[in-house]
Amino acid sequence: MGEITNVTEYQAIAKQKLPKMIYDYYASGAEDEWTLQENREAFARILFRPRILIDVSKIDMATTVLGFKISMPIMIAPSAMQKMAHPDGEYATARAALAAGTIMTLSSWATSSVEEVASTGPGIRFFQLYVYKDRRVVEQLVRRAERAGFKAIALTVDTPRLGRREADIKNRFVLPPFLTLKNFEGLELGKMDQASDSGLASYVAGQIDRTLSWKDVKWLQTITTLPILVKGVITAEDTRLAVENGAAGIIVSNHGARQLDYVPATISALEEVVKAARGQLPVFLDGGVRRGTDVFKALALGAAGVFIGRPVVFSLAAAGEAGVRNVLQMLRDEFELTMALSGCTSLADITRNHVITEADKLGVMPSRL
């Protein structure tokens, strides 16, 4: 294998290195995987309107997210069970995020605990949360994250039930026996204690609360002062409800196309959400980001930043911490180049006029000229 020149190349290496069951767990989407493919293809249908003869000798990619200064608008999304990809797992991801000066979101289904991840150094970290039937478990998880210095909660709201991922059914996916969901160790789990380690993963999945509603978002605000990002909003209606219910931000996400198939790509849903938010809260995006050009397109359509998921686990599988560092660096370099070639020297310079979407081509959007 020659030099890695882009993020996508890590996927083929991960496929070679990982056992089929583990690779498929990370790579697959729900059912027909239409949305999985569309998350990528929708980016390819957005074109640029670059501005020329602008001094781009100095480019500033820095931004703030919920008041925290980061080096670039590219952050790490929560991905479960990273020690399946590499023995260093979430430790490596945390160190890579810290080195890049960006935010890592830790999955509550991580194979390293919030305390272990916090021990890697001072970085800015968010904690992804599912709401469980037993609210005491939720409260204990939130307390642990707070004590470990995590700065926000990313509440996943698109998963009242797990999507149908047929590769996992075929492979009879289980968490490998030498790993465990570390954030659940030492909690008072009630019935959860009876599950063996590999059984714990399926047990925990079965404990996700199907009654989850906006009142629980309100309840979460009564037990923590941490800002709550609502992850999994893809419509204007839910955006307005997120604003009404005190969300600190929205992550436009379709769960990496692992939940409901045939929902739009996140980049296609983004503008609807941004318009409905009316600047009252920041809107982020995850799903399908593989290039610096993708980052620019998301920001041009109103995103305050993006999160990357699969590129992290694939690069982690291929090369550990160095792989994740390289992914973040490649995306940073590509994004900087896209800014320069589009005539933008800061994130504030990136506007809706820098891109043409399918809707623009069809004349659905009013002319900007």
Undergrad: Thr64 versus Ile70: any side-chain heavy-atom pair under 4.5 Å?
TA: no
Undergrad: Taking atom types as modelled, is there a side-chain donor on Glu334 or Thr338 under 3.5 Å from an acceptor on the other?
TA: no
Undergrad: Does the side chain of Glu139 come within less than 4.5 Å of Trp219's, by heavy atoms?
TA: yes
Undergrad: Does a salt bridge link Arg45 with Glu38, judged by any charged N lying under 4.0 Å from a carboxylate O?
TA: yes
Undergrad: Are the ring centres of Trp109 and Tyr130 closer than 6.0 Å?
TA: yes
Undergrad: Which residues pass the salt bridge (charged side-chain N to carboxylate O under 4.0 Å, His left out) test with Glu244, sequence neighbours left out?
TA: none
Undergrad: With Arg40, which residues qualify under salt bridge (charged side-chain N to carboxylate O under 4.0 Å, His left out), at least two apart?
TA: Asp294
Undergrad: Can you label the angle between the Tyr262 ring and the Trp34 ring as parallel, tilted or perpendicular, going by 30° and 60°?
TA: parallel
Undergrad: Give a yes/no verdict on a cation-pi contact between Arg258 and Tyr25, requiring under 6.0 Å between NZ or CZ and the six-membered ring centre and an angle within 45° of the axis.
TA: yes
Undergrad: Taking the six-membered ring of Phe48 as reference, does the cationic atom of Lys297 (NZ for Lys, CZ for Arg) lie under 6.0 Å from its centre and within 45° of its axis?
TA: yes
Undergrad: Are any non-hydrogen side-chain atoms of Arg144 and Phe127 less than 4.5 angstrom apart?
TA: no
Undergrad: Hey, does Met72 have a side-chain heavy atom less than 4.5 Å from the side chain of Leu328?
TA: yes
Undergrad: Between Ser113 and Asn183, is any side-chain donor less than 3.5 angstrom from a side-chain acceptor?
TA: no
Undergrad: Please determine whether a side-chain nitrogen of the Lys or Arg among Arg135 and Asp216 lies less than 4.0 Å from a carboxylate oxygen of the Asp or Glu.
TA: yes
Undergrad: Is the distance from the ring center of Phe296 to that of Phe43 below 6.0 Å?
TA: no
Undergrad: Whether the His255 and Thr156 side chains hold a donor-acceptor pair (N or O, under 3.5 Å, no angle test) is what I'd like checked.
TA: no
Undergrad: If only side-chain N and O atoms count, and only distance matters, is there a donor-acceptor pair under 3.5 Å linking Arg290 with Gln11?
TA: no
Undergrad: Is it true that a side-chain atom of Asn254 and a backbone atom of Pro264 form a donor plus acceptor pair closer than 3.5 Å?
TA: yes
Undergrad: Rounded to the nearest 0.5 Å, what's the gap from CD on Glu31 to CG on Leu260? Could you check?
TA: 8.0 Å
Undergrad: With no hydrogens and no angle check, do the side chains of Asp24 and Ser28 hold a donor and an acceptor under 3.5 Å apart?
TA: no
